[in-house]
Structure formats: structure tokens, C-alpha cells
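Working notes, beginning with the structure itself.
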Protein chains: 2
Amino acid sequence: MEDRVTLVQNTTVVTPDGREDREECLAIEVPYKVALNDREIGASMVLETGLEEFGAGFLFGQGYITAPGQVREVLVCPEGRISVYADVDDDAEPKEVIVTSGCGGTGKISREMLEGAFDPLQEYSITFDEIRRFIRQVLHASPLGQATHCVHGCGFWADGKLQGFYEDVGRHNAVDKVIGAILLGKFSARGAIYTTGRLTSDMVLKCARIGIPIIMSRTAPSSLGLAIARRAGVTLAAYARPERVNIFNESFRIITD
Amino acid sequence: MEDRVTLVQNTTVVTPDGREDREECLAIEVPYKVALNDREIGASMVLETGLEEFGAGFLFGQGYITAPGQVREVLVCPEGRISVYADVDDDAEPKEVIVTSGCGGTGKISREMLEGAFDPLQEYSITFDEIRRFIRQVLHASPLGQATHCVHGCGFWADGKLQGFYEDVGRHNAVDKVIGAILLGKFSARGAIYTTGRLTSDMVLKCARIGIPIIMSRTAPSSLGLAIARRAGVTLAAYARPERVNIFNESFRIITD
């Protein structure tokens, strides 16, 4: 698949000393439609990896799928369609939607979701030593981020190891892929998620709704991302690097000696 | 307005040496509905600055407004509504939409827009010395980016000076504000735009559609952002810093000695 996710372009580098040629690597974003039980729900620009997971996670973000076990099958057609078949009510329309900063349709959330209550979380804690290993593994899981500067990575940790790693041009899409993996039964939500993207409202909301107790980012949260973390009772850690983590909420889940 | 765009939170910083308290500054994202001629078109999470411009630019991105001179008035209600009144057909629905990575509704583009032709550009060129001054001014125009690590800036340069600077939690929203300023007649599109955000397809598309001939980013383009730049004939420069610019397309508009 490597040749479908990046391409190389010639550029001209201009500095005070003059011009020179240089090759740069670009991430390839491709439109994919997402259908639920043969009804087209939307379309998104994606990096062409983890598309089964993306289909399931995208529909979760839109409110059509709500829990693991609902999806029966996902078919990916390379011409640009992800067909998800699930035991859900596919006539349900999301109610009043707010489009959030950061990601196309996966950043679309209903006001109901934004203001509703959350299910109780499964309890989970992580040691600082595990965090260090988790973050290092996510940051080294793929060369695409460093090569293109246009790809966000997202990993999931549980039972002392990296359970899954996904990436995409959009940070929301990368999270959707991890959530999709949970929905498809690859691992449970009882663990920690780490994203290279910012934790804006929609990012935290998705993770809290699926029941992930520890939500971490390499970079910043927004005010509303933190507010949602508080309402859901999740641990939110930002600016998280292997040797340093800022915990904004419910620090009890992060164990230090 | 300062107290409506950031807030301070206490966090716990955890390192191998232990825990300590720290104050962090967070960007505030707020939902605002956007209406056209009293018909609600959508809603977006925004940073509460430049909202008149955002309303106009958002509607341009969605395809309802197409040129300067159409908007008669914009009213901003601090409770969360931007009402745009314009001489346009407000019944027009965007055709088949693709949601793009990067930004909520402002990342929503129609397939028609993605594949259609572009109007000829007004000619404009910029010297490398101007680029240096332009980029420095944009990067120093506001403390919010550095303070929150959650805000994208976007500036517009023409006639040898910075004509406008806008920022938002979402990079698309920041561009929408610049485009909105053009639509509201604050300056013409004949100049250069510089964003701190990546140049994915939707970002380049908006700028090309309004007719901005030089599109620059502090960071990376995607494959499709570059493809759109080629189709529109715009100059695309990425990884642009005061002393170094990578030109990916139509380098003739950037003049070096």
C-alpha cells in the first residue's frame, strides 16, 4: 500500500543564497464514501490505511453506531467506498449538529452528544513507565509523519502493550480508526489512547463516548476538550512526551512511584 | 475580548523526578451557528474573533456566497449566531459533498468544486524580502498560538504590507476569516496568503476559488492540495519560514534577486 499513501514531488527551495531543487514527500488524501447498510452517510478525505476501522469509527462519530458488536461486516472498495453493515437503525439522523474545528465530517457532532451524560467508565490505570514505552512506540510506529509532516498518528495501549496504531491526514480520522478497531472487537476500550493531534472538543467526545478512560495527546487540549473530559470523568493528559506529561484531569489513573 | 479566547487551568506535570503544579493556557472554542438570510446553514466551533469575516467566509466555503459585493450585512450575536444577509440564492444546496480532513464544516466541499475549473487569476508577484517580512509579521501578530498551542494564524499580504491577520482553533476557520475579509471588501484577493496550518485539499481549494494567486504555509501540503494548486495555476509554497521557502508550483510569482 506504500505507494498509495505517499508520493514524491520536486520543489524549488528559495533562500537568501539562491534557489535549489529538492524532493519532498507528500501524503496522499483520497475521498472515500461511507455507507451504512447500503445507505450513503457521508464521505471523507482519508489516508488509505485502516479503512475498515475508519468506516466503523466514522459512523460512530456521526452517531449511527454506538457500541462494539453492532457491526457485522465492512467491505472496502478501492474505488472509494467503505460499506459498513451493522445491526442498527440506519434511518436515525443525528440531531442538531455542530461542525467542529479540526476535521471534516468526523468533526461533526450533535448538540445532544455535546451536552449529554456519559456511561460509567471501566477502571484502568497506567504507570509512568508504561506511558514512556507507549509514547515512544507510537512516535516510532510509522515513517509517514516524519516524511510528510502531514499525517497524524494514534495508538491504543492496554495490558502492557500497544494494541493498535493507526494514522491519517486528519487527526479525527486517525482516532476514528482506533475507535473503529474497538467497535470491530480488536481490543476493548479499557486502556489509553495517544494521539499526535490536539484534543479539541470532538476528539475528546468520541473517546469518552466509546469509554476510553485515559486520553492523551502529544500537544494541546482546547477549553471544551477539557470540559468534556471533566464531564465524562476521563483522565486527560496533554503535551505528553516520553519523559513528561501534563495531566489536566483525573490524575489518579496515572501511577508514579 | 481577551478573556473570551483563552482561560488558564491548573495541571499536574509528571516526570521521572515526580509531580509539580503548573498553569497552562487553553484556547476557548465556542459553537456559533451561521445563518444566511435568516436560514440556518450550519454551525462551527470557533475562536471568538473575526466572526463577521468568519460568517461570510464559511458560507463561501459551503458554496452559498461566491464573490465580493454579495454580502450586505453581517450581525454577530454573542449568544452564538452569525447572521449573514447577502444577495444570493439561499435555497441553493451544495451538491454531493466530501468532508475533508482538517476542519468541521468548513472542510466540507462539493465534488463539483473539487473537479471544476477555476477563473483566471489576477497577476501578482512577491519578492523574497517581502516574504520574509510577511511571515515574521504573521508569526508575531498574536500571542495566542504560542500561549495555547491550539490556535492557527492566517495573514494576507498585498501592496507591500500585511492587510489582515486572523486566527482560530481550526486552520480552515482562520482561512475562512481571511476570505471573509475579502468578501466584505476589506482588501482584494490579489495578494498572498500565509497560514500556519497544512495545505490540504480544502484549504487550497478555498483560496484558489476566491482568486488568491500565492498560497503559502508554514508547514506541509497534501498531494491533493498540490493537485488543486496545479489545476488552478496558483503558486503554492510550503514549509515557508522567513529565510526559506519550498515552492511546489508556479515559482515565477516569487521574485529573488
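Using a 4.5 Å cut-off between heavy atoms, A:Arg132 contacts chain B through its side chain alone, with no backbone atom that close. Looking at A:Thr148, the atoms closer than 4.5 Å to chain B (heavy atoms on both sides) all sit in the backbone: N, CA, C or O. With a threshold of 4.5 angstrom between heavy atoms, A:Val151 approaches chain B through N, CA, C or O but not through any side-chain atom. Proximity to chain B is absent for every atom of A:Leu47, based on heavy atoms less than 4.5 angstrom apart. Neither the backbone nor the side chain of B:Arg241 comes within contact range of chain A; no heavy atom of the residue lies under 4.5 Å from a heavy atom of that chain. A:Arg244 touches chain B through backbone and side chain together, each having a heavy atom under 4.5 Å away.
Side-chain contact between B:Met45 and A:Thr200 is absent, with no heavy atoms from C-beta onward closer than 4.5 Å.
Note that the OG1 atom of A:Thr12 and the CG atom of B:Asn249 stand 10.0 Å from one another [nearest 0.5 Å]. Separation of atoms CD (B:Gln9) and CZ (A:Phe248) is listed at 8.0 Å; rounding is to 0.5 Å. Annotation: the span from B:Asp21 atom CG to A:Asn246 atom CG amounts to 11.0 Å, rounded to 0.5 Å. The line from OG1 of A:Thr256 to CG of B:Asp17 is 11.5 Å long, rounded to the nearest 0.5 Å. The distance from atom CG of B:Leu7 to atom CG of A:Leu226, rounded to the nearest 0.5 Å, is 8.0 Å.
Most heavy-atom pairs under 4.5 Å with chain A, from the set B:Thr15, B:Asp129, B:Val30, B:Val14: that is B:Val14. Between chain A and the options B:Val245, B:Thr219, B:Asn10, B:Leu199, the largest number of non-hydrogen pairs under 4.5 Å is found for B:Val245. The greatest number of non-hydrogen atom pairs below 4.5 Å with chain A, out of B:Gly18, B:Pro242, B:Gly197, B:Ala220, is found for B:Ala220. Heavy-atom pairs under 4.5 Å with chain B peak, among A:Thr11, A:Ile131, A:Ile254, at A:Thr11.
Between the side chain of B:Glu29 and the backbone N or O of A:Ser201 there is at least one donor-acceptor pair closer than 3.5 Å.
The two residues B:Leu26 and A:Ser222 have their closest heavy-atom pair at CD2-O, 3.5 Å. Minimum heavy-atom separation, A:Cys150 to B:Pro221: SG-O, 3.9 Å. The minimum heavy-atom distance between A:Arg198 and B:His149, with the atom names listed, is CD-O, 3.6 Å. Of all the heavy atoms in A:Pro16 and B:Glu243, the pair that sits closest is CG-OE1, 2.9 Å.
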